[in-house]
Amino acid sequence: MDSHQSVLKNLEIIRTNILEACKKGNRNPDEVKVIGVTKYVSTKRASEALTAGITHLGENREEGLLAKQEELHGEPIWHFIGSLQSKKVKKIIKNVDYIHSLDRESLAKELHKRAEHIIKCFVQVNVSQEESKHGLLKEEALNFIKKLEKYPNIKVVGLMTMAPYTDDEEVLRFTFRELRVLKEKIQAWNLPYAPCTELSMGMSNDYMIAIEEGATFIRIGSALVGNEQ
Ligand SMILES: *Cc1c(COP(=O)(O)O)cnc(C)c1O
């Protein structure tokens, strides 16, 4: 992807694709929010995304998040999408609106302890069971969410997954569908601390399939802002 293509043009293409995927999946496009992932690019490029109309930004490291927040004007909604060490919670908790990588009780405990208001979290699930991936296995995720009642500063707004790196549509579709089924199971529990209405899934190479399968937040980096690294 050419990093110098305008973010606005890229966003127009993405929006067209979102509409197409929504049509195919019989979805309302208003339910799909784009998180602009700016981890590969400069603050200047990130600010172009805001100018183009992006309102949600995502970073996967504390350093990138804090640096961009300091320099960026406007007030995007911030998503922390990377794996999070407990010792870094204190530094980022005031600066993020959503955390996409809740995957263990020690992290829940730390988030609960440091939170000054309710923190919106996604529980990260390793649907594809790849060893290299973070996140809980499906069964573990169910048990984990039951345990979160002890940490009332945490609200489980939904589930997040990263699909395997593949072009195989069936594999991708299966992964996203499994996450949706799991979400529906948790939603049916009607837990006040875990409404679990959202699905954070789909990246530059697979977001259309993710939308067809129910994504409400797609995390788009290279297809939106390019990759300067
Ligand atoms: C980097 C990253 C993305 C965006 O990746 P692209 O393929 O460039 O769209 C999405 N989600 C997570 C968790 C990431 O780390």
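Counting convention: from 1, in listed order, for ligands and their atoms alike. It should be emphasised that the depicted structure is a prediction, and the values quoted were computed from it without experimental measurement.
Side-chain contact check for Gln69 and Asn95: at least one donor-acceptor pair (N or O, by modelled atom type) lies under 3.5 Å. In summary, the side chains of Thr43 and Glu71 do present a donor paired with an acceptor at a separation below 3.5 Å, with no hydrogens or angles considered. For the residue pair Glu198 / Tyr98, no side-chain donor-acceptor distance below 3.5 Å is found, with atom types taken as modelled. Between the side chains of Thr38 and Arg45, not a single donor N or O lies within less than 3.5 Å of an accepting N or O.
Atom numbering of ligand 1 starts at 1 in the shown order; those under 4.0 Å from a heavy atom of Gly221 are 4 (C), 6 (P), 8 (O), 9 (O). Close approach to Ser222 involves these atoms of ligand 1, each under 4.0 Å from a residue heavy atom: 6 (P), 7 (O), 8 (O), 9 (O).
Using 4.0 Å as the threshold, Ile81 has a heavy atom nearer than that to some atom of ligand 1.
Contacts with ligand 1 closer than 4.0 Å are made by backbone heavy atoms (N, CA, C, O) of Ile220 only, the side chain lying farther away. When heavy-atom distances to ligand 1 are checked against a 4.0 Å cut-off, His100 has no atom that comes that close, whether in backbone or side chain.
If you check which protein heavy atom lies closest to atom 5 (O) of ligand 1, you get Tyr40 OH, 3.3 Å. Shortest contact from atom 11 (N) of ligand 1 to any protein heavy atom: Arg219 NE, 2.8 Å. Of the protein's heavy atoms, Lys39 NZ, 2.9 Å lies nearest to atom 14 (C) of ligand 1.
Which of Ser204, Ala223, Gly226 comes nearest to atom 6 (P) of ligand 1 through a heavy atom is settled by distance: it is Ser204.
More than 12 heavy atoms of other residues, nucleotides or ligands lie within 6.0 Å of CD in Glu184, so this atom counts as buried by the packing criterion.
Checked for salt-bridge contact, Lys44 and Glu48 meet the test: a charged N lies under 4.0 Å from a carboxylate O.
You'll find the ring centres of Phe217 and His79 inside the 6.0 Å limit.
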